[in-house]
S.K.: 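Dumping the structure here so I can ask a few things about it.
We number each residue from 1, following the sequence as shown. Side-chain atoms are counted along with the backbone in the values below, which use heavy atoms only and exclude waters and symmetry mates.
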Amino acid sequence: IDQMNAQMQKWRAELERLEAEASVMQAETQVEYQKRIRQLSEKLAEAESKVESMREAQSDAWQSLKEGMEQAVDEIKSAFSQARDKLGSR
């Protein structure tokens with residue numbers, strides 16, 4: 001769980017960096033970028049909620065929560081990768 005919290009903090013910092021970059025983009029590009037940032041933020045909030053649930057989970061529910069968290073992490077990684085690719089192509 002501590003490793004997941006550390007990763008969440010890294011993603012939160014990267015999300016803040018992306019928001020700062022979006023603030024200097026042209027309006028049309030900024031709208032699309034802000035949309036992606038909102039999506040990332042929502043996924044990150046979901047993952048953070050799952051980490052908190054894992055802290056509180058009883059051992060029999062652990063596996064289910066772990067699988068859900070792994071899926072959320074994979075989705076966040078993919079979303080950040082797509083956002084980086086989009087930013088790099090502009």
S.K.: Which residues pass the salt bridge (Lys or Arg N to Asp or Glu O under 4.0 Å) test with K50, sequence neighbours left out?
M.R.: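 Partners of K50 under the salt bridge (Lys or Arg N to Asp or Glu O under 4.0 Å) test: none.
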
S.K.: With heavy-atom distances below 4.5 Å as the criterion, would you say the side chains of L18 and F80 are in contact?
M.R.: yes

S.K.: Do the charged groups of R12 and E16 touch, with an N to O distance under 4.0 Å?
M.R.: no

S.K.: Going by heavy atoms in the side chains, are E32 and R36 under 4.5 Å from each other?
M.R.: yes

S.K.: Could you grab the distance from atom CD of E42 to atom CD1 of I76, nearest 0.5 Å is fine?
M.R.: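 Reported value, rounded in 0.5 Å steps: 11.5 Å.
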
S.K.: To check you understand the geometry: which heavy-atom pair defines the closest contact between Y33 and A22, and what is its length?
M.R.: CD2-CB, 3.2 Å

S.K.: Distance from S78 atom OG to L40 atom CG, nearest 0.5 Å?
M.R.: 9.5 Å

S.K.: To the nearest 0.5 Å, what is the distance between CD on E21 and CD on E14?
M.R.: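 Interatomic distance, E21 CD to E14 CD, rounded to 0.5 Å: 9.0 Å.
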
S.K.: Do V73 and M8 come within less than 4.5 Å of each other through their side chains, counting heavy atoms only?
M.R.: yes

S.K.: Rounded to the nearest 0.5 Å, how far apart are CD of E48 and CD of Q7?
M.R.: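 Taking CD in E48 and CD in Q7, the distance rounds to 11.5 Å.
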
S.K.: How close do K43 and A79 get, heavy atom to heavy atom, and via which atoms?
M.R.: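 That would be CD-CB, 4.3 Å.
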
